[in-house]
Number of protein chains: 2
Amino acid sequence: MSRSERETPGSPENGAAGTAAGPVAGFRTGGPVTLRTIAERAGVHPSTVSRALKRSAGGDETARRIRELAAELGYRPDAAAASLRTRRSGAVGVLVHRLTDVVQAILFEAIEHTVLELGYQAIVANTYDDPDQQRRRVELMLTRRVDGLILADAHLDRSYVDWVAELDIPFVLVNRHAGDYPSVTLDDYLGGRLAGSHLADLGHARVGVLRGLPHSSASSERMAGCLDALRERGVDVPEDAVEATTLDASTGREGMRRLLERRPDTTAVFAVNDFDALGAVIALREAGREPGVDVAVVGFNDVPVAEAAQLTTVRSPHATMGAAATRMLMDVIEGRHVESMRLSPELIVRATSCPPPTPSPNPPQPSAQPHDHRGSAVL
Amino acid sequence: MSRSERETPGSPENGAAGTAAGPVAGFRTGGPVTLRTIAERAGVHPSTVSRALKRSAGGDETARRIRELAAELGYRPDAAAASLRTRRSGAVGVLVHRLTDVVQAILFEAIEHTVLELGYQAIVANTYDDPDQQRRRVELMLTRRVDGLILADAHLDRSYVDWVAELDIPFVLVNRHAGDYPSVTLDDYLGGRLAGSHLADLGHARVGVLRGLPHSSASSERMAGCLDALRERGVDVPEDAVEATTLDASTGREGMRRLLERRPDTTAVFAVNDFDALGAVIALREAGREPGVDVAVVGFNDVPVAEAAQLTTVRSPHATMGAAATRMLMDVIEGRHVESMRLSPELIVRATSCPPPTPSPNPPQPSAQPHDHRGSAVL
DNA sequence: ATGAAAGCGCTAACAA
DNA sequence: TTGTTAGCGCTTTCAT
């Protein structure tokens, strides 16, 4: 049922013709195929081969023969050797707090896609928002001689980004900003305001907040925007109506649970992250309160599952952000001037939006009628 | 508001003492710090420095001085140069279908954690289950001279894995198996059987299946196991009660919707993936059927959100799988014999489990009583 | 334990 | 266009 690669077929000495299209694994005469191997076969100098392979389309006679030969022999350029010589690795490092956060994964997919188009490769590392790991992983990236860094895990506390800045390697921030370093972020404050205004428009006066990570500019500004917008409309959110969460459903659920215990008269919740919001939806259902009927829930990001769950949320264009950050990094690498970017959020109203159930200031009873789920949250 | 790294402080010529702990950015005399830089300062030969730095704890007098100096100067070994010389990159390549699938992200986090402990670095690539991209990304890995490959995106169609096997690079499969290559997978067939038996135990006779990706051994065997277990209990699942999905909530929701249209008398659904199952939960609610009351839903994987959503599911130990695959790859790299592993699934019964609502073969009416969500699905 | 010397595979002057 | 030469930074024999 299993087998080691050591038993891989293809003896190393046969120079037989290819079985099908593509390079033939067993063609090489001894070691791996290098420029020299090809040069010898073609009767030219290695540097000629190097040049011929560079311009992948050049029309010269010998160049064509060389490229043919390279393909036949299954030549693969040695990135380490090239990097050593050119002082450019063709790799960019991406630091995220963790890829199991789908927002970070989306960001990385976009970055990877964009760097690939530009002929680079992306190397990603999870830092779990831990300062030690952040430093360790950046060091590792430097050891790999990446040409630049994209940090998606910046902390408001500037010590991390300031340290990176002293390393003298091109870098940009994405998703979270810190200090005055070049960054591509959402206008999170505005996004928070959209959520807050939306809830105020609906008439909510008792709003809770699941506030996410205090060290993240995204979390913090989203909350600040929401609180400000509510305050301007005469709605104050007391401190004990705010719960910290870690951007996943289980802490969102727990936070909502605690919030309901302390303030059972809550009629609306804003979560700085969709998964926290989903957790809130779950906790509300467990408490017999129907989201979108008894209690309004607004999330943030518009991750894929949010649409399916009919969650009202603030959309953040993560793929655009990743692509823009990549291009910005290229500008920094090439010494061009860059300006930080702030993308615009968009409010997406779905089924978890609703007005407060009763105009009375008393704690509302859990609604006793059967719900038509078509008009409320479904996840 | 923004600034280029070119303006980074620290003039290149000052040899001043450190501001605080750690390497001093501005210490180097001109270019980057290499072994030679340190050697000159220490008055020894570069090879001596290389040796001293290798044994990070060696007690020699000069060795200690050298290590001190290296730290002071902020020396970072050049991985490319070392790799070129030693023919080992210290990197392993990981190919996943996509990191926005949280299962793949969990797998990668575990792999990254394990390789880091072993002194390696992990480089991940999304292939989107596309044969072209798979080949392209593997080629890129070879160019980077990774020491081995972990493929989480194998297809049942062996052409991809067979091609990789001919490349003569150590590799193992994880999560999905194909051919007889070394792999670490769940016993997906057994997992499917657990789900099927569970539904049969509950008395379900009209079961639908959200079957996932046909090219994935995991998806296929989960469905096969479920169908077999049901059949042995006298329950047949007709072909038109099976819907293909792509492992996310939106296709799960659509699949469930179509299934309900064709077979409104369905009393239970098995989804080969939790997100498909969540999509089914959503579609059921939209159709006015309460999951865990009117219709039973069983997912697969036990991703974090499944617990919060109170979803019955089959647990797959992805972190264990990633770690085991990494260790297996190391064995292959070092030429040791390896045996494929199959881990054991575990049924996790939660609130979306329920018996069929009525014993009558007629399509049941949407339940008209208010639900106590405490006993049913909450997400 | 240290020094000397060679070379991994590639590219970029420079010369022809 | 092609060949020559040199060297990126490191490790590893071999000799001392």
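Values reported hereafter were calculated over all heavy atoms of this structure, with side chains retained and with hydrogens, waters and symmetry mates removed. Numbered from 1 within each chain, the chains take letters A, B, ... in sequence-line order.
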Tabulated below should be each protein N or O lying under 3.5 Å from an N or O of nucleotides 12-16 of chain D; please produce it.
residue: D:dT12; atom: O4'; partner: B:Arg85; partner atom: NH2; Å: 3.3

Judged by nearest nucleotide, the residue sitting upstream toward the 5' end of DNA chain D, B:Pro77 or A:Val44, is A:Val44
Rounded to whole Å, how long is the line connecting atom [atom1] of [X] with atom [atom2] of [N]?
| X | N | atom1 | atom2 | answer |
| --- | --- | --- | --- | --- |
| B:Arg87 | D:dC10 | CZ | C1' | 13 Å |
| A:Ile66 | D:dG3 | CD1 | C1' | 12 Å |
| B:Arg88 | D:dC10 | CZ | C1' | 14 Å |
| B:Leu84 | D:dC8 | CG | P | 13 Å |
| B:Leu35 | D:dG7 | CG | P | 18 Å |
| A:Arg144 | D:dG9 | CZ | P | 17 Å |
| B:Leu53 | D:dT11 | CG | P | 9 Å |

Any residue meeting side chain to side chain contact (heavy atoms under 4.5 Å, CB included) with [X], in chain and number order, not counting sequence neighbours:
| X | result |
| --- | --- |
| A:Leu69 | A:Ile38, A:Arg41, A:Ala42, A:Glu72, A:Leu73 |
| B:Ile106 | A:Thr100, B:Val102, B:Pro304, B:His318 |
| A:Ala91 | A:Ser89, A:Ile123, A:Val146, B:Arg144 |

Tell me what A:Thr62 touches on the nucleic acid: a base, only sugar-phosphate, or nothing, going by heavy atoms under 4.0 Å.
sugar-phosphate
The bend of the helix from C:dA1-D:dT16 to C:dA16-D:dT1, taken between the axes of its five terminal pairs at each end and rounded to 10°, is 30°
Lys/Arg-Asp/Glu bridge criterion (N-O < 4.0 Å) met for B:Glu40, B:Arg36: yes
To the nearest 0.5 Å, atom CD of B:Gln134 lies from atom OG1 of B:Thr127 at 4.5 Å
Which residues pass the salt bridge (charged side-chain N to carboxylate O under 4.0 Å, His left out) test with [X], not counting sequence neighbours?
| X | result |
| --- | --- |
| A:Asp147 | none |
| B:Arg145 | A:Asp78 |
| A:Arg158 | A:Asp162 |
| B:Arg98 | A:Glu109 |

Chain B vs DNA chain C, heavy-atom contacts under 4.0 Å, first-to-last nucleotide span, 5' to 3', is C:dA1 to C:dG9
Residue pairs passing the salt bridge (charged side-chain N to carboxylate O under 4.0 Å, His left out) test with at least one member in residues 118-127 of chain A, sequence neighbours excluded, are none
Residues 115-129 of chain A vs salt bridge (charged side-chain N to carboxylate O under 4.0 Å, His left out), sequence neighbours excluded, gives A:Asp129-A:Arg176
